[in-house]
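One structure is given here, and the rest of the page talks about it.
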Amino acid sequence: MPELAEVAWYARQWDAGLGQRVVAVRVREGARVYRGADALVLSKSLVGRVYEGVALHGKQMLFCFSGGGWLGVHLGMTGGLESAGPGGGGGRHDHLEVVMERVVLIFRDPRMFGRLIWEESEGEPGWWRELPPGVLTRGFRVDCVAEVLRRRSGTPLKALLLEQEFFPGIGNWMADEILWRLRLPPAVPAGGVDAGSLHREVRAVARGAMRTIGRDWSDPPAGWLFRHRWRDGGTCPRCGAGLVRETLRGRTACHCPGCQAA
DNA sequence: CATCATGTTATAAT
DNA sequence: CATTATAACATGAT
C-alpha cells in the first residue's frame with residue numbers, strides 16, 4: 001500500500017538498526033526486485049558498513065551506509081520493511097535481509113513491483129538529487145502547480161495527481177482523498193482547476209497522512225474518505241450518498257456522486 | 001475458479 | 001510528436 005506516509009512508516013522500522021554494523025547480508029538472487037541492482041555486489045559491499053540514516057522523498061527511500069554506500073528502495077505495490085530480532089527473516093518473500101549486530105533489517109515484497117538500487121559514491125546518487133520537489137517542501141510552489149495544470153489542461157485531474165514527476169508520493173487513495181476534498185470528480189480536466197486550492201489540499205492530505213499513518217500506522221482522521229473508499233458499498237462521510245468506484249486510466253477511482261458533481 | 005489490488009513501465013494504437 | 005489504452009510484471013485476498 002505504500003504511498004508517501006506508508007513509506008515513511010516503513011522507513012522508520014529500520015531505525016532499529018541505526019548505528020549498528022552490517023554483519024551479514026542475505027539476498028534472494030534473481031528476484032525481480034534486483035532488476036536495477038546486482039544482488040551479489042550488494043550483499044558483499046554492504047557487509048562491514050554502519051547504517052547511518054535514511055532520507056525520504058515521495059515513495060522513494062535512500063538508506064545511507066558508512067563509506068559512501070547508498071541503498072535506494074521503492075516498495076512498489078506490496079513492498080514493506082521491518083526489523084526483527086536475531087534469527088529473524090527467512091520469509092517466503094523476504095528478498096533482502098541485512099543482519100546487523102543486534103537486529104535484522106528485512107525488505108519483503110510478494111509481488112515484486114518494488115526495486116532496490118545500490119550505489120557507492122561520496123555524495124548522494126545522481127538519481128536522488130534529480131527528484132522533483134516534495135509536496136511538503138517549500139519547493140512545491142503554487143505557481144509550479146498552476147504551470148502543470150496549464151500544460152496538461154486536458155488531462156483528468158486524477159491521472160495528473162498520480163504522476164510522480166509532479167506530485168511525488170501521491171498514490172491512489174491520496175488522490176481520491178484530494179479530489180473529494182476539492183469536491184471535484186476524478187475525470188475533471190486539469191485546466192479548470194484552481195491551483196491554489198489544489199496546492200492546499202495536496203499538502204493537507206499529505207500532512208494528515210504523515211501525522212497518522214506515517215507516525216504509527218493509525219487511520220487518518222474520522223471523516224476522511226479513506227475509511228470508506230476501499231470496498232463496494234461505502235458511503236460518503238460528508239453527505240451519506242453511496243460512493244462510486246470506477247476505472248480511470250487503468251486505476252480504480254472512488255468518488256461521491258453527491259459531493260463531487262461534474 | 002474468477003476478479004481485483006494503495007505502482008510503474010513498455011508497447012501499441014490513435 | 002503527444003496522448004491514451006492496454007498489457008505486463010507476480011502474488012495474495014476476496
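Throughout, a chain's letter reflects where its sequence line sits, starting with A, and its residues are numbered from 1.
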Next on the checklist: Would you say that A:Gln20 contacts A:Tyr51 through its side chain, given a criterion of any heavy-atom pair below 4.5 Å between the two side chains?
Outcome noted: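 With C-beta onward as the side chain, the pair stays apart.
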Next on the checklist: Side chains of A:Val202 and A:Leu161, heavy atoms from C-beta outward: is any pair under 4.5 Å?
Outcome noted: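 A side-chain contact under 4.5 Å exists here.
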Checklist entry - For the residue pair A:Phe226 and A:Trp230, is the inter-centroid distance of their aromatic rings smaller than 6.0 Å? => result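 They qualify: ring centres under 6.0 Å apart.
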Item to check | A:Tyr10 ring center near A:Trp217 ring center (under 6.0 Å) | outcome: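 Yes; A:Trp217 has its ring centre under 6.0 Å from that of A:Tyr10.
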Checklist entry - Can we say A:Glu246 and A:Lys158 salt-bridge, meaning some charged N sits less than 4.0 Å from an Asp/Glu carboxylate O? => result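 So A:Glu246 does not pair with A:Lys158 through a salt bridge.
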Item to check | Charged N-O contact under 4.0 Å between A:Asp94 and A:Arg28 | outcome: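 Salt bridge absent between A:Asp94 and A:Arg28.
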Expressed as a whole number of angstroms, how long is the span from [X]:[atom1] to [N]:[atom2]?
X        : N     : atom1 : atom2 : answer
A:Ile170 : B:dT6 : CD1   : P     : 15 Å
A:Phe166 : B:dT8 : CZ    : P     : 14 Å
A:Leu4   : B:dT6 : CG    : C1'   : 12 Å
A:Gln60  : B:dG7 : CD    : P     : 13 Å
A:His74  : B:dT6 : NE2   : P     : 14 Å
A:Glu163 : C:dT4 : CD    : P     : 10 Å
A:Leu248 : B:dG7 : CG    : P     : 14 Å
A:Asp109 : B:dA5 : CG    : C1'   : 13 Å

Closest approach to the side chain of [X], judged atom by atom: which nucleotide of [options] is it?
X        : options               : result
A:Arg32  : C:dA10, C:dG12, B:dT6 : C:dA10
A:Thr252 : C:dG12, B:dA5, B:dT8  : B:dA5
A:Glu6   : C:dT4, B:dT6, C:dT11  : B:dT6
A:Arg115 : B:dT9, B:dA5, C:dG12  : B:dT9
A:Pro110 : B:dT8, C:dT11, C:dT4  : C:dT11
A:Arg245 : B:dA5, C:dG12, C:dC9  : B:dA5

Reckon [X] touches a base, only the sugar-phosphate, or nothing at all at heavy-atom distances under 4.0 Å?
X        : result
A:Arg249 : sugar-phosphate
A:Arg92  : sugar-phosphate
A:Arg108 : nothing

Phosphate oxygens OP1/OP2 of [N]: is one of them under 4.0 Å from a side-chain N or O of [X]?
X        : N      : answer
A:His93  : C:dA10 : no
A:Lys59  : B:dT8  : yes
A:Gln164 : B:dG7  : no

Checklist entry - Starting at the 5' end of DNA chain B, what dot-bracket string do you get if Watson-Crick and G-U pairs under 3.5 Å are bracketed, crossing pairs use [ ], other-strand pairs use | and unpaired bases use dots? => result .||||.||||||||
Next on the checklist: Distance check, C1' atoms only: C:dT4 and B:dT6, in whole angstrom units.
Outcome noted: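 One C1' to the other, the span is 23 Å.
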Checklist entry - Using centres under 5.5 Å plus planes under 30 degrees as the test, is A:Phe113 stacked with C:dC9? => result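 So yes, this residue stacks on that base, both cut-offs being met.
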Next on the checklist: Both A:Arg111 and A:Pro156 contact DNA chain C. Taking the nearest nucleotide for each, which residue is further toward the 5' end?
Outcome noted: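 That would be A:Pro156.
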Checklist entry - Which residue lies toward the 5' end of DNA chain C, A:Arg152 or A:Gly250, if each is placed at its nearest nucleotide? => result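 Looking at DNA chain C, the more 5' nearest nucleotide goes with A:Arg152.
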Checklist entry - Under the criterion side chain to side chain contact (heavy atoms under 4.5 Å, CB included), which of A:Glu6, A:Lys59, A:Met61 is the partner of A:Leu75? => result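 With A:Leu75 as partner, A:Glu6, A:Lys59, A:Met61 yield a single side chain to side chain contact (heavy atoms under 4.5 Å, CB included), made by A:Met61.
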Checklist entry - Does A:Arg229 count as lying over the ring of A:Trp224, i.e. NZ or CZ under 6.0 Å from the six-ring centre, within 45 degrees of the axis? => result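 Output no; distance or angle outside limits.
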Next on the checklist: Under a 3.5 Å distance rule, please check whether A:Glu29 uses its side chain to pair with a backbone N or O of A:Asp38 as donor and acceptor.
Outcome noted: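 Checking the backbone N and O of A:Asp38 against the side chain of A:Glu29, no donor-acceptor pair under 3.5 Å is found.
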